[in-house]
Structure formats: C-alpha cells, structure tokens
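Below, read A as the first sequence line, B as the second, and so on, with proteins coming before strands; counting in each chain starts at 1.
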2 protein chains.
Amino acid sequence: MHGLTIGKLAKKAGLTIDTVRFYERRGLINEPARTQSNYRMYPEEDVARLIFIKKAKDLGFSLSEIKELLFIQHDPDASKSDVKERTEAKIRDVRCRIKDLTRILKALEQLSKGCDGHGPASACPILEALSGPEEEHHHHNGGGS
Amino acid sequence: MHGLTIGKLAKKAGLTIDTVRFYERRGLINEPARTQSNYRMYPEEDVARLIFIKKAKDLGFSLSEIKELLFIQHDPDASKSDVKERTEAKIRDVRCRIKDLTRILKALEQLSKGCDGHGPASACPILEALSGPEEEHHHHNGGGS
DNA sequence: ATAAACATTGGACCATAGTCAAAGGTCAAG
DNA sequence: CTTGACCTTTGACTATGGTCCAATGTTTAT
Ligand SMILES: [Zn+2]
Ligand SMILES: [Zn+2]
Ligand SMILES: [Zn+2]
Ligand SMILES: [Zn+2]
C-alpha cells in the first residue's frame, strides 16, 4: 500500500487530523484519493505541502494568502514577481503592525512612567488619562493576517 | 428629562448603538435605568465610561482587560499598583508581539532579498524556502489582547 | 394624523483558525 | 472474536469584537 492515512500525514507534518481536514475544507490541500473503505490516502508530497503551510503561517501569511501562494507554486504560468509581490505586501503589512504596536508601546510606557504605583487607584494618573477628553488617532491600513 | 437615550450616548461616545448594547452584554457598562416605555436612559457619566473603553482599546487592552480596569476604577479599595501592574503586563505583551513581528519581518526580508522577481515561479527561492525541511521555532508567550 | 426617526428584543452572521463531540464504520493484534 | 486504535461524517463550539436583521413599539416633527 502506498500513501498515507490522515493520521500518518498529520503526524509527519506536525498537525492534528482536525487541522488537516480543516485545510482540506478550506481548499489548501486537494481532496485525496480514497480507499475502498473510504479512508483518505495521501501522496507523500502532501507532507511537504502541509509543511509549506505551516512555514508560511509562521511568516504571518493568512490561510487565504497561503492558498494563493500554493496556487502560484503549482501554476506553470506564474512568475517569481507574483510571489515576490505578495512577500513585499506582507512585509509592508508587518511593518505597519510593528509601527502601530510601537505607538501603543510608547503610549503605555508614558502612562506607566506617570504612575508611582503607591496609594489608592482613585488618584491613578493612568486611569485619569483614560478618562480624559477624546483625541484623534491613527487608522491602521487594511492588510492581511 | 435628564439622561441620554442609547442613540445620543452612542453618538457622544463615537460608537454605534449596537456596540453600546454589545458592551452592556459583556458587562462593560451597567444596565441603565429604563423609561416607562422601556427605553434605556443613561447618565452623562456613561459617556466618559465609553470613551475610557475606546481609549483603552486603542492601547491594546482587550474588552475583558478593560472590564477589570473599569472595575478597579470604581473600587475604593483598589490601589494604583493594581492599575500599574496591568499596564506593565500589557507593555510586556506588546513588546513580545513586536519582537515576534520583528523576527517575522527579518525572515520575510531575507526571503524577498533572495528573489530577483524575474522568471517563472517554479524557480523562486521564496517558494523553495517554504518547501524546505522543517525548523525549530520560537513559541510566543501567552499574553492578552 | 401620519410619517420619519428612534427604540426594543432575539437571534443570526462576519472573519480567523481551528477544536471537539457523537455515532458509527474499519483495521490490526492478541 | 473481541478490543483498541484508527477512520468517517455532520455539526456545534471556542474566542474576539462586533454588525445586521426582522418584527414591533415609541417619540417627534410636520
Ligand atoms: Zn496609577
Ligand atoms: Zn497598521
Ligand atoms: Zn521569487
Ligand atoms: Zn510573542
């Protein structure tokens, strides 16, 4: 018998069976062949495909973005620039999120610095700042994952 | 007549009616008094409370964390250190997320640098890197929001 | 008086990425 | 042949933060 059952596949890829089936429903992996008894039988290549998904996820790509990357990977007409553009878009997205978080961090640090941490909360400058008048604030660019 | 209907309140706070009711369900604002005709009537203070929520949200606090902050704010026995500790925890959380994103950014930049963007995707080093063998990777500290 | 604007409730639905359970069929070992 | 491990399906549920809808009731303005 050649091929892997879903359990073997999941184990090789370091995922759960549920996750593999979830990716199938989402169209990230092809519906595999079935045995006479209706068990899914996967080709060895699907291990690599799942590892691809995991790695891309670790890089911050969403499942739908990963789906596109997988499609590109298997499209003979796709060009490197298709991949590179998506990578650069993700870089912009991540940079934007880092900027947003950095602004938040600065604001939190300012607030924390203003509070000595002693005495009743009723006189806490952090709470006072949050209770103060409204301000303008930045709005985040769409972006993926 | 004193007090605000939900529409006025939402407008003053810059939220939608649905969001105000959602916050009520989540216990972020008290259930308000009702008129004879069952309309919610809010005290003016609730405007400040909603603005507090918005500001805390902009600082990266989750609704359940904000609920705690609001509770502290109105607890005569609460101390500044309760607030400060939560602020510092959020600072650690945000720093951790920035670090995670920075690692991701570096990895994406490396990948992007390796690809000239010309030619067929079949020879794209980005896709090759994603198809390669598995590596160890960092695991993110729990953390809130 | 009548229409527009506003309020009420309950519940469904969006996206994201799974996770779990129930009820049953299949396969390998002892 | 039975037990346990493995597989099948459907569908519900988790967490987060809302958003929208229908059907109905109320208030306000003209
Ligand atoms: Zn303080
Ligand atoms: Zn941003
Ligand atoms: Zn490339
Ligand atoms: Zn982290």
Side-chain angles (χ1 to χ4, degrees), chain A residues 1 3-29 31-42 46 50 52-68 70 90 93 97 139-140 142-145, chain B residues 1-29 31-42 46 50 52-68 70 90 93 97 100 139-140 142-145:
Chain A
M1 179 234 284
L4 301 161
T5 62
I6 195 168
K8 309 283 184 197
L9 176 69
K11 194 155 202 181
K12 282 208 184 195
L15 298 170
T16 69
I17 291 177
D18 284 315
T19 301
V20 174
R21 276 195 287 243
F22 177 69
Y23 289 168
E24 183 183 318
R25 285 199 295 284
R26 289 302 208 78
L28 287 151
I29 55 178
E31 294 193 29
R34 300 292 184 124
T35 64
Q36 324 78 324
S37 58
N38 203 32
Y39 281 22
R40 289 169 178 83
M41 288 306 285
Y42 295 92
D46 280 350
L50 288 175
F52 182 107
I53 294 169
K54 272 182 79 174
K55 289 187 157 209
K57 236 167 52 63
D58 286 344
L59 287 172
F61 289 98
S62 70
L63 294 187
S64 67
E65 288 164 341
I66 294 170
K67 195 174 167 182
E68 290 183 6
L70 286 164
K90 182 54 59 182
D93 175 25
R97 280 154 60 191
H139 275 286
H140 178 100
S145 147
Chain B
M1 181 232 284
H2 53 93
L4 301 161
T5 62
I6 195 167
K8 309 283 185 196
L9 175 70
K11 194 156 202 180
K12 282 207 183 195
L15 299 170
T16 69
I17 291 177
D18 284 314
T19 301
V20 173
R21 276 196 285 244
F22 176 69
Y23 288 167
E24 181 183 318
R25 285 199 293 285
R26 288 303 206 78
L28 288 151
I29 55 178
E31 293 192 30
R34 300 292 183 124
T35 65
Q36 324 78 325
S37 58
N38 204 33
Y39 280 22
R40 289 170 178 84
M41 288 305 287
Y42 296 92
D46 280 351
L50 287 174
F52 181 106
I53 294 169
K54 271 182 80 175
K55 290 188 155 207
K57 236 166 54 62
D58 286 344
L59 287 173
F61 289 98
S62 71
L63 294 189
S64 67
E65 288 165 340
I66 293 169
K67 195 173 166 182
E68 290 183 5
L70 285 164
K90 182 54 59 182
D93 175 24
R97 279 153 61 191
D100 292 343
H139 276 288
H140 177 100
S145 148

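Remark: side-chain polar atoms of B:K90 are not paired, donor with acceptor, to backbone N or O of B:F61 under 3.5 angstrom.
Here the shortest heavy-atom pairing between A:I17 and A:A10 reads N-CB, 3.9 Å. Of all non-hydrogen atoms in A:K57 and A:I66, the two that sit nearest each other are N-CD1, 3.6 Å. Of all non-hydrogen atoms in A:P32 and A:E24, the two that sit nearest each other are CD-OE1, 3.6 Å. In terms of heavy atoms, A:K8 sits closest to A:L4 at CB-CD2, 4.0 Å.
B:K67 is linked by a side chain to side chain contact (heavy atoms under 4.5 Å, CB included) to B:L28, counting only residues two or more places apart in sequence or in another chain. Under the rule for a side chain to side chain donor-acceptor pair (under 3.5 Å), the partners of A:K55 that lie at least two apart in sequence or sit in another chain are B:E135. Not a single side chain to side chain contact (heavy atoms under 4.5 Å, CB included) links B:K11 to another residue, sequence neighbours left out. Evaluation of the side chain to side chain contact (heavy atoms under 4.5 Å, CB included) rule for A:S64 yields A:S62 as partners, not counting sequence neighbours.
Residue A:F61 contributes atom CZ, which lies 21 Å from atom P of C:dA15 at whole-angstrom precision. With rounding to whole Å, A:K11 atom NZ is found 16 Å from D:dC7 atom C1'. To the nearest angstrom, C1' of D:dG17 lies 15 Å from NZ of B:K54.
Note on A:R40: a side-chain N or O is less than 4.0 Å away from OP1 or OP2 of D:dT8. Here A:R34 does not reach the OP1 or OP2 of C:dT26: none of its side-chain N or O atoms lies under 4.0 Å away. Look at B:K57 and you'll find a side-chain N or O under 4.0 angstrom from OP1 or OP2 of D:dG18.
The distance from atom CG of A:L15 to atom OH of A:Y23, rounded to the nearest 0.5 Å, is 5.5 Å.
Nearest-nucleotide positions on DNA chain C for B:I6 and A:R25 put B:I6 closer to the 5' end.
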Between the protein and nucleotides 24-27 of chain D, list the N/O to N/O atom pairs that are separated by less than 3.5 angstrom.
unit_1, atom_1, unit_2, atom_2, d
D:dG25, N2, B:Y39, OH, 2.6
D:dT26, O4', B:Y39, OH, 3.1
D:dT26, O3', B:S37, OG, 3.3
D:dT27, OP1, B:S37, OG, 2.8

Between the protein and nucleotides 14-16 of chain D, are there any N/O to N/O pairs under 3.5 Å, and if so, what are the atom names and distances?
none

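Scanning residues 14-24 of chain B for heavy-atom distances under 4.0 Å to DNA chain D yields B:T16, B:D18, B:T19, B:F22, B:Y23.
Among the candidates B:I6, B:T5, B:L50, the single residue satisfying the side chain to side chain contact (heavy atoms under 4.5 Å, CB included) test with B:Y42 is B:I6.
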